[in-house]
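A short worksheet on the structure shown next.
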Amino acid sequence: MAGRLQATTVHAPSGMVASIDHLASSAGVAALRAGGSAADAVVAAGAVLAVTQQGACGMGGDLFALVHRPGEPVAALCAAGRAGSGADAVAARAEGLTRLPLEGDIRAVTVPGCVDGWLALHSRYGRLPLAQVLDAAVAYAAAGFPLSRLMAAGVPAIVDLPGADDYREPARAHGGRVPPGTLIRRPGVAAALGALVGDGRAGFYQGPFGEGLIALGAGLFSPEDLARPQAEWVEPLALRAWDHDVFVPPPPSQAYLVLAGAAVAAGLDLPADPGDGAWAHLLAESARAVGLDRNAVLYDGADGVALLSPDRIAAARAAVDPERRGTGLPPVAAGGTTVCCAVDADRTGVTLILSNASGWGAGIVEPHTGIFLHDRGIGFSLEAGHPAEFAPGRRPPHTLAPALVRRPDGSLRAVVGTMGGDNQPQVMLQLLARLLHHGQSPGRLMGAPRFTLGTGGFSLWDGAGPGQVVMEAHAPPAWDEGLAARGHDVLRSPAEIAGAFGHAQVIEATDGVLSGS
């Protein structure tokens, strides 16, 4: 994305919020200024994102979070929704399906975990009343917000969907497209947020949204499915790389690949210059070596510690040839995700990642609220007996892969996350290498070129795994030369293609100053 060439590092002494939307970041900063914690800030910002960035996240999606508080263990929150009690892989196979459809099929929708995630974060770490935390989101939904350029580009794809009235009327007024800056109102979302404030969890999951979801499911979801909280605090995975301790959520998140890739790469002789083609090759091969069996080993309940065992890391590192692309085969569309990071004056740091899965999700809108439903169920397998097989109460494998970094003394170094579907671990690996190994500033690493294995989406590790290495338009020529010489099929992406490379956020804490981009 050529626009990242102008990325800058911003600094603050006592608090910072980073997100893709200035309205969301401002809401988070307002929470900090009101005496709120970093958790208050990310919930405030995340709620605004759920209003203004529906093409990336929303109350009909999922989230993960990591929290650092000085002197305490890192906490991980999994708010990934579970499949409804009517989930039936046998019936799907009988229809000839090998995977749940990306769009238009309610079976790809699991009970959304986003709202439960907000409540869990706020309950454990918040300091402000929930009504105050959600006030900005309610105001933007009710009174309107100016549509961003990114969302405006996606409106034509969803404007004719049943329930997409919030966008349809403005689109009709502009010949099918909605210009950036158009005021968009989302009264149903405002009502859903208001019910959450007034009646707590029940106001959402047992209110109009929950009733609408059950009706849409036509037997897929039961009242008991929605009564079950979707968020839980879990033990994060951790691993030391480049003299720092890096933390990620455990399965069903694929974030173990971030740690595994970093562990492999940290043991290789990376060139001092990231512009060297060998640098891109070694990181690409590190990501490939640890990811080839992802579809076989990632599922709800997988042993994340075992996936990071020294033997697995050593085997993956041994498979990396400094001079040649690997040829090993596995044993067996750009995503809709966004990130919000916050650090407060106490140096509590939170990285929160929210997602619809693919863009606007399943292309299904809950009619009472106008909330788009995610399609995270596309991560399920329909193979009989597979540990990630589509089944009642099960969480699908998740692409969401945020990270939190501590120094060896336990102090916070950084909170970071990115969008990008299956490519998230590869983008995260490059960001961590630049930050921790090369010492680049947030602005510099955000503006730096990135590569991915393949063009994004949710099928990177299917079949023989990734083929091409795809580079951003402003990647150095040495990457083309160095990768091609080592046997890679190299593709330079057009400047306007950005989704697969991730809209990332990072906040770094150093010497009493916060730096972010």
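The first residue of the sequence shown is numbered 1, and numbering continues consecutively from there.
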When rounded to the nearest 0.5 angstrom, what distance separates [atom1] in [X] from [atom2] in [Y]?
| X | Y | atom1 | atom2 | result |
| --- | --- | --- | --- | --- |
| C341 | E508 | SG | CD | 12.5 Å |
| C57 | M419 | SG | CE | 11.0 Å |
| D344 | Y125 | CG | OH | 12.0 Å |
| L63 | L400 | CG | CG | 8.5 Å |
| D422 | N295 | CG | CG | 7.5 Å |
| L77 | L352 | CG | CG | 8.5 Å |

Give a yes or no on this: more than 12 heavy atoms of other residues, nucleotides or ligands lie within 6.0 Å of atom CZ of R444.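 No.
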
Should we count CZ of R177 as having more than 12 external heavy atoms under 6.0 Å?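 It does not: R177 CZ has 12 such atoms or fewer within range.
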
Can you check whether S355 reaches H398 side chain to side chain, under 4.5 Å on heavy atoms?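 Answer no - side chains too far apart.
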
Could R186 and D166 be called an ion pair, given the rule that one side-chain N must be under 4.0 Å from one carboxylate O?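 Result for this pair is yes, salt bridge flagged.
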
Test: D62 and R395 ion pair at under 4.0 Å: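 So D62 does not pair with R395 through a salt bridge.
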
Expected output: side-chain [X] to main-chain [Y] donor-acceptor under 3.5 Å:
| X | Y | result |
| --- | --- | --- |
| H374 | T110 | yes |
| N356 | D375 | no |
| Q254 | P252 | no |
| D40 | R127 | yes |
| E366 | T369 | yes |
| R168 | L161 | yes |
| Q426 | L453 | yes |
| R82 | P229 | yes |
| T182 | L147 | no |
| R492 | A473 | yes |

Of L429, L237, L432, L431, which meets side chain to side chain contact (heavy atoms under 4.5 Å, CB included) against V258?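 When L429, L237, L432, L431 are each tested with V258, the side chain to side chain contact (heavy atoms under 4.5 Å, CB included) holds only for L432.
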
Name the orientation class of the two ring planes belonging to Y167 and W360 (parallel below 30°, tilted from 30 to 60°, perpendicular beyond 60°).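 Perpendicular, since the angle between the ring planes exceeds 60°.
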
Check: S515/H11 side-chain N/O donor and acceptor closer than 3.5 Å: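 The criterion, which ignores hydrogens and geometry beyond distance, is satisfied for H11 and S515.
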
Indicate, with yes or no, if the rings of F145 and Y140 have centres closer together than 6.0 Å.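 Between F145 and Y140, the centre distance exceeds or equals 6.0 Å.
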
